[in-house]
There are 2 protein chains.
Amino acid sequence: MAVTLADVAAHAQVSSATVSRVLSGNYPVSEATRARVLRAVGELDYVVNGPASALAAATSDLVGILVNDIADPFFGIMAGAVQSEIAELHGTGAKLAVVCNTGGSPERELTYLTLLQRQRAAAVVVTGGAAEGADHAAAVAAKLGRLTDAGTRVVLCGRPPLPPRGDGEPAVTTLAFDNRGGARRLTEHLLTLGHRRIGYVTGPPDRTTTRHRLEGHRAALAAAGVPGAGAPAAAGTSAAERLTVHGRFDRASGYDATLELLRREPELTAVVAANDTIALGACAALRDQGLRIPADVSVAGFDDLPFSADAVPALTTVRLPLHEAGARAGRLATNREPAPPGGVATIRAELMVRASTAPPRDRG
Amino acid sequence: MAVTLADVAAHAQVSSATVSRVLSGNYPVSEATRARVLRAVGELDYVVNGPASALAAATSDLVGILVNDIADPFFGIMAGAVQSEIAELHGTGAKLAVVCNTGGSPERELTYLTLLQRQRAAAVVVTGGAAEGADHAAAVAAKLGRLTDAGTRVVLCGRPPLPPRGDGEPAVTTLAFDNRGGARRLTEHLLTLGHRRIGYVTGPPDRTTTRHRLEGHRAALAAAGVPGAGAPAAAGTSAAERLTVHGRFDRASGYDATLELLRREPELTAVVAANDTIALGACAALRDQGLRIPADVSVAGFDDLPFSADAVPALTTVRLPLHEAGARAGRLATNREPAPPGGVATIRAELMVRASTAPPRDRG
DNA sequence: CTGTTAGCGCCTTCAA
DNA sequence: TTGAAGGCGCTAACAG
């Protein structure tokens, strides 16, 4: 069928071992034979059989990148950075960096992890927040543990660290985002401007990203003594709970949730969204209700995606260095950068104050 | 090291052949042994060795999806659709659909294709326009031909068909976008509104998408007898050429190009962008120049990405059914849908008239 | 520096 | 219905 190593060897009149050596370039070969082999490779248009080589060498050049939503630039930016960092490895170490779209589904995440394990992937980079169900979290942690045991490098990027395993060793390298801190500073900014009736529009409740950002938001509220802003866990309908609406991490959801928020609290002076995409939906909803931003209602997002600076008005948000984080994850995954102490590094989130936030119209 | 088929076989007290048969499910096995094997698999936490199985079976379950820019929703939407369509295949046919980011670089495109060929990928879906250099086009066509020869299914999605090969058989299945037709209808819309001084902001000159959309635009201009709107190939600086600015397919480029356009022709009444992202940049530039949309200048885009309907004002654009096209490509790649007659289907582009276009203020 | 020789783990005839 | 055995194409000792 296809051209094999043996064909090349015959054509170049050397042994297949020699061909293998010039191709992998990890062993001395005389310049003359080397040239002869390369010419044979060219003439026969030979392409290595990846599976065979992976089997024999017990390693593969596949690197998997898991994302929750490939159509979302938040993930696209990170994945692109990981991939280009890995593609940098020219020549011998050519890796196939490959992104897998889980759609945010825990099952598919596990499925992809298994598929990658089956391929004996060299590394796996898991991006974005995790689903929180105890069972699923445990299943993922177990799967990642098995991957590392099998020699696959695992890097978490934008996801909280795994619980430590029994055997001391940090299970996987983690680049965690400071979602709590960023969210807290953002809400503090609004508080400082004088806002007190602040709505919060966020994604699915059972995601780490949702929870951490919400915790930061409420921590700021509580610290400022905003009435009723109790602990999230408190039962009943505290003011904070009444002003929090969950949905999906997309624009449509942000739109609807903002309308709901307005229904619950017409006197709202600010809306904090759990990400920029939701914030855009919130802006659209407010505008459709005849409210001006920020004159009537301030709006803030999170992530600082490229479009946020271009929105009208430009969106106040929290900047996450997605590209840098992805690139670093890529280097970590390919062993070109030492793991941070303890295996975990926290990526700082930076407040970006722009035009969509201003002091409230009426002091409450 | 890892658990192997043989381990499972020993544990279940059957031959490894039997285990293999149970796992691939393509051969009769008694219910009793089947259960025993499955239990052993579970107890040992066995995961198939992909490379070994690919080597022995001479097929792999990898499906590659090539995109030009993973951070661009245009590609994200298509890739996501392809991937979810392929992930549908549960159970035995579990495929690993995987996206590769070429960054629009011809070299990286070729590199990824080779990497996928090396993995003996089951299928490859190539999305988006192609780079046009004759040498590169030939290299890609040759590579795709070799892939199909090796049994890899190749589907082009949103890319013009390959030139027919000598041997009759349509080389690869193609889902082409009607970029020319869509662009033409869009410009006709502007013409109908009364615009005559229409600027065009587009991407890199050496891309099929750029060229086809530009051709459609100019065809409309020429048909309407707009002065100077000659053939694109015409030498010198026709009016059409003077009002066309090339850049990248991103917002920043759209911003800069629009400023340049305004410099060249302050009396502009409309800006047509080669895609929605560029259009957003154009809007920002116009706004920054104190021009209102559409009162002073109309703006139109292409693709109808999700954000376009939300822009202020909502963007007039040309809708491409990206999700549907991606899903269909996924089905084609997995042989779950017959190829269109002749191997090529053209995907219709639909004009979406929204708020960003209106009659020009002064009749020219 | 180069050739020889075992496997890597699985699939797949061929027998039983 | 099940087992035995050869080989897929390549790599990695081990000799020479």
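Each chain gets a letter, A, B and so on, in the order its sequence line appears, and its residues count up from 1.
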Side chain to side chain contact (heavy atoms under 4.5 Å, CB included) partners for [X], two or more places apart:
X	value
B:S105	B:E107, B:R108
B:L38	B:V22, B:L23, B:R34
B:A17	B:S15, B:R21
A:D72	A:D69, A:F74, A:F75, A:L305

#### Entry: Qualifying residues under salt bridge (Lys or Arg N to Asp or Glu O under 4.0 Å), relative to B:D45, sequence neighbours excluded
A:R146

### Task
Can you sort out the partners of B:R331 under salt bridge (Lys or Arg N to Asp or Glu O under 4.0 Å), two or more places apart, ordered by chain and number?
B:E85, B:E337

### Message
Show me the pairs that pass salt bridge (Lys or Arg N to Asp or Glu O under 4.0 Å) and involve residues 129-143 of chain B, at least two apart or across chains.
### Response
B:E132-B:R211

### Short side-chain N/O contact from A:T33 to OP1 or OP2 of C:dC1, under 4.0 Å
no

### Message
Rounding to an integer number of Å, can you tell me how far B:L55 CG sits from D:dG7 C1'?
### Response
9 Å

### Task
Take atom CZ of B:R118 and atom P of D:dG9, then tell me their distance rounded to the nearest Å.
16 Å

### Task
Produce a footprint string for nucleotides 10-16 of chain C: one letter per nucleotide, 5' end first; B if the base is under 4.0 Å from any protein heavy atom, S if only the sugar-phosphate is, - if neither.
BSBB---

### Task
Check whether more than 12 heavy atoms from other residues, nucleotides or ligands sit under 6.0 Å from atom CD of B:E43, and answer yes or no.
yes

### Angle between terminal axes - the helix from C:dC1-D:dG16 to C:dA16-D:dT1, 5 pairs each end, rounded to 10°
30°

